[in-house]
Amino acid sequence: MQLRGCGTALVTPFRQDGSIDESAFRNLVAWQIESGIDFLVPCGTTGETPTLSHDEWLQVIDLAVEVAAGRVPIVAGATSNSTNDAVAKAKEVAARPGVDAILTASPYYNKPTQEGQYRHFRAIAEAVDKPIIVYNVPGRTGANLEPATLARLTEIPNIIGVKEASGSVNQIAEICGLVPETFCVLSGDDAVTLPVIALGGVGVISVASNEIPAEMSAITRAALSNDWDTARKLNRKYLPLMQANFIESSPLPVKAVLAMMGKVEEVYRLPLVPMRRDTRSKLQKVATEIGLVSKPIAPAAAETHDFFVYENWTAGPRKIVLHRSSCGQCNHGKGRPTGHDANHAKWHGPYTSLSEARTASQVIQNVLIRSECKCI
C-alpha cells in the first residue's frame, strides 16, 4: 500500500455535554470525501485522542470507516508511550474491518533513545499485518526520530511511511535521501508541504484540510504533478490559515474555525480550553479574509464611536483598560476574559467619545494600573 496526496487528521466533534457528536463527525467525514481528500486519519492528535476513552477511540474509527465505505483509505491512530500498550492497541485496531493502515507516534514523555524508538516501532510492526506509518513529532513527544533510525525502520516490510513533523527541512531532506523511493514521506506540517514534496515526499497529513479539504488537495496534487505555479499560488493564499491553525495549541484554532463555519460545536475536553479572545479575533480575521467565514455586518455609525472601560481586580491591584466597543475583547461591554467573573470585574460605559472615556477612567477610584487596548 502506498499513501499519496492529502490526508486529513480529523478533529473529533463534541456536544455541549462533552459526548462525541456522531452526526457532526459523519457530516465532516462525508464532506471531506466529497471534497476530494485522498485519505483520512481519525484519532490522531488533532482528534484530541488523549482525552478519548478506549471505547470512544474505537467508536470514532468505526464511524470514519462506516461513512468512508471504502471510498478512501482509513489510517487509524494508535499511539501509546508504553510499547506493550501500543502493540495491544495496534492489534485491536488492525482487526477492525475497513482500517487500511495505522499511524503511531514516537513514545511521548519517556524520551527514549534512538534504539528504544527503533525497538518500539519494530514491536508494533511485527505484531500486526497492516501497513504502519510512523509519526515523528518531537515538539509533542520530546523525542526526535533521527533519519538514520528511520532508515533502519524501512527494512521492516510493513513500515511503509513516516509523518514527518520535526519542523526541520534539513532533516526531511536527509530522510528523502536515505529511504527507498517506495517509502512514503508525508509532511506533518501544512506549511512545509511544498518543500517536502519538492524533496521527494508524496503528500501531507493535514490539519488545514479539516477546513479547506478541496484546496489542500488541490495544492498537494498540483505539486505532485509538477504544476508548481498553481501549487505556489494556492499555497500563498492559504498559508495564513495554515499558520493561524497553530496560533494556540492545535486543535483549538481548527475547531474554532470549523465552529465559525457551522461544521461543529466549539467544545473541547480538558486540559484544552477555548481560545483567548485576542487570538480568536486574529484567527477570525484570517478565516474571513480567505472566504471561509462571512464578514460580520459593520455596526451602525453611532456604535462605531462608543468606548468602554474594563475594571478588573481578579488578582493583584485593580486595573482598568480602555476599549473601543467594536474590539473583540470588549464586544460592546459584554466580553469577559477566561477566568474573570462578574464579582471581580465590570465594564463602565458606554462613552460616546474617546476624550469622555479617558476622563471617566481617571476618576474611577482605587485603580493602580491604567492602560488602553491596542484597539484605541
Side-chain angles (χ1 to χ4, degrees), residues 2-11 27-41 44 46 71-73 75 133 137 161-169 172-173 176 184-248 250-264 279 282-295:
Q2 185 175 31
L3 294 172
R4 184 178 176 87
C6 181
T8 301
L10 292 163
V11 302
N27 291 337
L28 180 65
V29 171
W31 177 56
Q32 292 284 316
I33 297 170
E34 291 159 7
S35 299
I37 212 71
D38 294 300
F39 59 97
L40 294 171
V41 185
T46 310
R71 290 177 288 173
V72 297
V75 182
I133 305 289
V137 57
V162 61
K163 177 183 178 184
E164 231 300 326
S166 66
S168 169
V169 174
I172 294 166
C176 290
C184 305
V185 179
L186 297 159
S187 174
D189 182 350
D190 289 300
V192 296
T193 300
L194 297 194
V196 170
I197 292 174
L199 289 166
V202 296
V204 59
I205 295 179
S206 171
V207 171
S209 58
N210 279 281
E211 307 143 311
I212 49 171
E215 294 82 355
M216 283 304 301
S217 296
I219 291 170
T220 308
R221 287 174 189 152
L224 289 169
S225 301
N226 286 319
D227 182 0
W228 291 103
D229 287 342
T230 299
R232 284 191 289 265
K233 181 179 178 181
L234 290 169
N235 194 73
R236 278 193 294 269
K237 179 176 180 179
Y238 295 107
L239 180 62
L241 178 66
M242 300 176 201
Q243 295 170 327
N245 279 333
F246 293 88
I247 197 170
E248 285 195 37
S250 184
L252 297 181
V254 65
K255 260 194 163 178
V257 171
L258 287 170
M260 294 173 196
M261 296 170 68
K263 300 288 186 185
V264 304
T279 48
K282 294 175 184 176
L283 179 67
Q284 185 166 10
K285 182 174 184 290
V286 170
T288 301
E289 287 174 348
I290 66 172
L292 286 183
V293 179
S294 299
K295 190 173 183 178

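Positions are given from 1, in the same order as the sequence printed here.
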Subject >> Contact summary for P253 and L283, nearest pair of heavy atoms >> reply: O-CD2, 3.4 Å
**OP:** Of all the heavy-atom pairs spanning A191 and L239, show the shortest one and how long it is.
**Re:** CB-CD1, 3.9 Å
Subject >> Side chains of I37 and S209 in contact at under 4.5 Å (non-hydrogen atoms) >> reply: yes
Subject >> Closest non-hydrogen atom pair between A9 and I205, with its separation >> reply: CB-CG2, 4.0 Å
**OP:** Tell me, with the steps shown, if D227 and D229 meet side-chain contact (heavy atoms from CB on, under 4.5 Å).
**Re:** CA-CA 6 Å; D227 182 0; D229 287 342; 4.2 Å; yes
Subject >> For Q243, all residues meeting side-chain hydrogen bond (donor to acceptor under 3.5 Å, both in side chains), sequence neighbours excluded >> reply: none
**OP:** For residues L292 and Y238, determine if any side-chain heavy atom of one lies less than 4.5 Å from a side-chain heavy atom of the other.
**Re:** no
**OP:** Please assess T8 against T46 for the test side-chain contact (heavy atoms from CB on, under 4.5 Å), listing each intermediate value before the final yes or no.
**Re:** CA-CA 9 Å; T8 301; T46 310; over 6 Å; no
**OP:** Examine distances only and state if a side-chain atom of S187 and a backbone atom of D189 form a donor-acceptor pair shorter than 3.5 Å.
**Re:** yes
Subject >> Side-chain (S35) to main-chain (W31) donor-acceptor, under 3.5 angstrom >> reply: yes
Original post:
Taking the side chain from D190 and the backbone from A208, do they hold a donor-acceptor pair closer than 3.5 Å?
Top reply: yes
Subject >> R232 and L194, any side-chain heavy atoms less than 4.5 Å apart >> reply: yes
**OP:** For the residue pair V11 and K263, establish whether any side-chain heavy-atom pair is separated by less than 4.5 Å.
**Re:** no
**OP:** Let me see the working for N245 and E211 under side-chain contact (heavy atoms from CB on, under 4.5 Å), right down to the final yes or no.
**Re:** CA-CA 10 Å; N245 279 333; E211 307 143 311; 2.9 Å; yes
Subject >> Closest non-hydrogen atom pair, V264 against K255 >> reply: CG2-O, 3.9 Å
**OP:** Would you please name every residue forming a side-chain hydrogen bond (donor to acceptor under 3.5 Å, both in side chains) with N210, sequence neighbours left out?
**Re:** none
Subject >> Distance-minimising heavy-atom pair for P73 and L3 >> reply: CB-CD2, 4.1 Å
**OP:** Looking only at non-hydrogen atoms, find the nearest pair between A223 and I197 and report the distance.
**Re:** CB-CD1, 3.8 Å
Original post:
Any side-chain heavy atom of M242 within less than 4.5 Å of one from I219?
Top reply: yes
Subject >> D38 side-chain N/O to G7 backbone N/O, donor-acceptor pair under 3.5 Å >> reply: no
Original post:
Given side chains that start at C-beta, do those of L234 and K237 come closer than 4.5 Å, heavy atoms only?
Top reply: no
Original post:
Heavy-atom distance under 4.5 Å between the side chains of V196 and V204, does that happen here?
Top reply: no
